[in-house]
Every structure is written in C-alpha cells, then in structure tokens.
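Data block below; observations after.
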Amino acid sequence: MRATIRAGLMGAALLAAPVLAPVAIPAAFAQDDPAVQRGVPAEATAENAVVAKERAIANAQRLAYQRYAAATGANPNASPSQIESMVTSMVVEQERSTLNGYSGRYTIRFRSARPPGGTDTATAGGTLPPLGGPASPSGSSAGASSLPVSSRIEAGASFRSLDEWLALRRRLLAQPSVGSVDILAISVEGAKLTIGLRSPPNVAAQELVTGGVMLVPAAPPGVPAPVTGPAWRVGLAGGA
C-alpha cells in the first residue's frame, strides 16, 4: 500500500513539474566567425628560410581566404595582394624552421564584412567591401586606390627579422598610393623591390608616412642617385 501511495505521489509531482523549453543558442556561439580562421597549415620549401616562410604564409593566407570566401560568398579569385590587404592579424599556433623549409599553423583574421551592430552584408543581399584595401568612405584615399599604377621605382629594404619584413610589406600593400610590390631579390637581412605607385614618388613618400612607411631617396639631396643600386630606400617609419 505504501509503495502504491509513494508511486502515485511521484507521478503527480512529475505531472505538476513545468516543462523546460529548449534553450536557443545565439548564432554567435553556434558557429565561429568565418573572418577568423584557426588551425590553418603553412608549409613551403625554398632556397632559404626567409623565402620559405614567406611562401608558407602566402599559402596559408590563400587557404584561409578560400575558407572565408566559401562561408561568406566573397570573390574566390582574389589575388595574393588583395588577400593580404584583407588580413588584419596572424597568430602563430606552432612553427618549425629549417635551412630551406618552414612549417607551421596559424590563426588568420580577415576584415569582417559585418559592421558593428549590423548584419552581415554577405548574407543580407549586399557585397563584401572591395578587395585591395580597407573599405573607406568616398574621398581622396578611396579615389587613390582606384587609380592605375603611374610609375615604378626600385627600392632597397633592410630589416632585422622576418616579422619586420612581413609588417613592412603588409603596410605597403595597404596604402592607397601603392599598386604593387614585386620582390626582385631577398635575403635574411634585406630585399630589393619594385614598387608600383599611383602617384609621383615624392608625393607617395609623403602619403606613406601616415601609414607607417618611410620612402626616401637612397642618396642625400644634391647627390646623384646610385648607378648600380636602387634609387630609393623603404622601411618601417621610425624603425618600428
């Protein structure tokens, strides 16, 4: 009898208990932001460790961007310079270098197409910001980035580490007055570059300073430019 009463009470308690509705998981927690790609492999071999790491990072950026484009509908055929201009940060998860090889794994973050407090333009019927430089309102910077390359200069760059070189190249490609950066030669201490400019070199040099890049003639004013070496020097403004 007691067992029957106890079972009846338990059944009544269960019937009286409120039914818990499923908890909705916010979209932000349900999936990662496609603008942040984690665990991206970076591998390459070359004639030296500097070039190997540079190629490995380019490969990793391309792979990360392909994942990003597949998730957001961005242009899948972006050029290497366009992809690099969209990278805002790269975090090393692990890495290993040899005399002529490099392997690692990175977390790569792209400029998000989702404005603060807004909706993702890739899924709201819009388009992603134009590739090739940061999105900017109409003005001199936006207009400069759409101009064709009007001149090319050879410039020598010196750097103390591979990270410094990568920072320099990233800053160069992010500037509206720079249309292209081609490597003619590179070593562990410096590089010889051909830089395509959208404005005269002296004008571009003034514009680059605001972007943290120093572009100066290789010879002091009044002294003829070197005959055999690059006529310009380029580096991080302030050496930072």
Side-chain angles (χ1 to χ4, degrees), residues 50-51 53-54 57-58 61 78-91 108-112 115-116 129-240:
V50 173
V51 178
K53 184 172 183 177
E54 182 177 319
I57 289 176
Q61 288 179 344
S79 68
S81 60
Q82 289 175 326
I83 293 174
E84 186 165 15
S85 70
M86 292 187 66
V87 175
T88 61
S89 67
M90 293 183 62
V91 178
I108 300 177
R109 180 183 296 273
F110 295 99
R111 290 199 317 272
S112 177
L131 295 177
S136 59
S138 58
S140 59
S141 295
S145 62
S146 62
L147 295 175
V149 171
S150 59
S151 63
R152 298 182 186 276
I153 62 172
E154 285 193 2
S158 299
F159 39 84
R160 294 165 293 185
S161 67
L162 179 59
D163 289 338
E164 187 174 314
W165 154 245
L166 294 174
L168 171 60
R169 191 179 65 168
R170 185 173 296 112
R171 290 189 191 181
L172 276 170
L173 291 171
Q175 304 310 307
S177 55
V178 175
S180 62
V181 176
D182 297 317
I183 302 172
L184 300 178
I186 190 170
S187 68
V188 295
E189 296 179 345
K192 183 179 180 182
L193 313 172
T194 296
I195 303 176
L197 299 174
R198 297 188 173 99
S199 55
N202 291 331
V203 175
Q206 298 176 9
E207 298 172 347
L208 290 175
V209 171
T210 62
V213 177
M214 174 190 65
L215 179 66
V216 297
V223 177
V227 178
T228 57
W232 293 82
R233 301 292 300 173
V234 64
L236 297 178

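Excluded from the calculations below are hydrogen atoms, water molecules and symmetry mates; all remaining heavy atoms, backbone and side chain alike, are included.
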Q: Begin from the C-alpha positions of Val178 and Leu208 and carry the test side chain to side chain contact (heavy atoms under 4.5 Å, CB included) through to its verdict.
A: CA-CA 9 Å; Val178 175; Leu208 290 175; 3.7 Å; yes
Q. Among pairs that include at least one residue of residues 171-214, which meet ring pair (Phe, Tyr, Trp, His ring centres under 6.0 Å), considering only residues two or more places apart or in two chains?
A. none
Q: Could you tell me which residues satisfy side chain to side chain contact (heavy atoms under 4.5 Å, CB included) with Ser161, sequence neighbours excluded, listed by chain and number?
A: Asp163, Glu164
**Q.** Partners meeting salt bridge (Lys or Arg N to Asp or Glu O under 4.0 Å) with Arg169 (sequence neighbours left out)
**A.** Glu54, Glu84
Q. Where do Arg198 and Pro176 come nearest, in terms of heavy atoms and distance?
A. NH1-O, 2.7 Å
Q. Taking Val87 as the fixed residue, which of Leu173, Ile108, Ile57 is the one that meets the side-chain contact (heavy atoms from CB on, under 4.5 Å) rule?
A. Ile108
Q. Where do Val149 and Gly179 come nearest, in terms of heavy atoms and distance?
A. CG2-CA, 3.9 Å
Q.
Using every non-hydrogen atom in the two residues, find where Trp165 and Ala191 come nearest and quote the distance to one decimal.
A. CZ3-CB, 4.4 Å
Q: Give every residue pair that meets the ring pair (Phe, Tyr, Trp, His ring centres under 6.0 Å) criterion with at least one member in residues 177-202, sequence neighbours excluded.
A: none
Q: Verify the distance criterion only: is there a donor paired with an acceptor across the side chains of Arg233 and Ser158 at less than 3.5 Å?
A: yes
**Q.** CD on Gln175 to OG on Ser85, rounded to 0.5 Å
**A.** 11.5 Å
Q. Taking all non-hydrogen atoms of both residues, which atom of Leu168 and which atom of Gly235 are closest, and how far apart?
A. CD1-C, 3.7 Å
Q: Report the C-alpha separation of Leu215 and Ile153 in whole Å, then their side-chain angles, then the decisive distance to 0.1 Å, and conclude whether the side chain to side chain contact (heavy atoms under 4.5 Å, CB included) test is met.
A: CA-CA 11 Å; Leu215 179 66; Ile153 62 172; 3.9 Å; yes
Q. Can you list the residues that meet the side chain to side chain contact (heavy atoms under 4.5 Å, CB included) rule with Val209, with sequence neighbours excluded?
A. none
Q) When rounded to the nearest 0.5 angstrom, what is the spacing between CZ in Arg171 and CG in Leu236? A) 5.0 Å
Q: Give, for atom CZ of Arg109 and atom OG1 of Thr88, the distance between the pair rounded to the nearest 0.5 Å.
A: 6.0 Å
Anything under 3.5 Å between a donor and an acceptor, one on a side chain of residues 182-190, the other on a protein residue two or more places apart or in another chain? List them.
from	atom 1	to	atom 2	distance (Å)
Ser187	OG	Glu189	N	3.3
Ser187	OG	Gly190	N	3.4
Ser187	OG	Gly190	O	3.4

Q. Just how far is it from atom CZ of Arg170 to atom CE of Met90, taken to the nearest 0.5 Å?
A. 6.5 Å
Q.
So, taking the atom named CZ in Arg152 and the one named CD1 in Ile195, what distance separates them when rounded to the nearest 0.5 Å?
A. 11.0 Å
Q: Check Gly156 against Pro230 and note the closest heavy-atom contact, atom names and distance.
A: N-CB, 3.5 Å
Q) Taking the side chain as C-beta and beyond, is there a heavy-atom pair between Phe110 and Ile83 under 4.5 Å? A) yes
Q: Of all the heavy-atom pairs spanning Pro201 and Ser151, show the shortest one and how long it is.
A: CD-OG, 4.1 Å
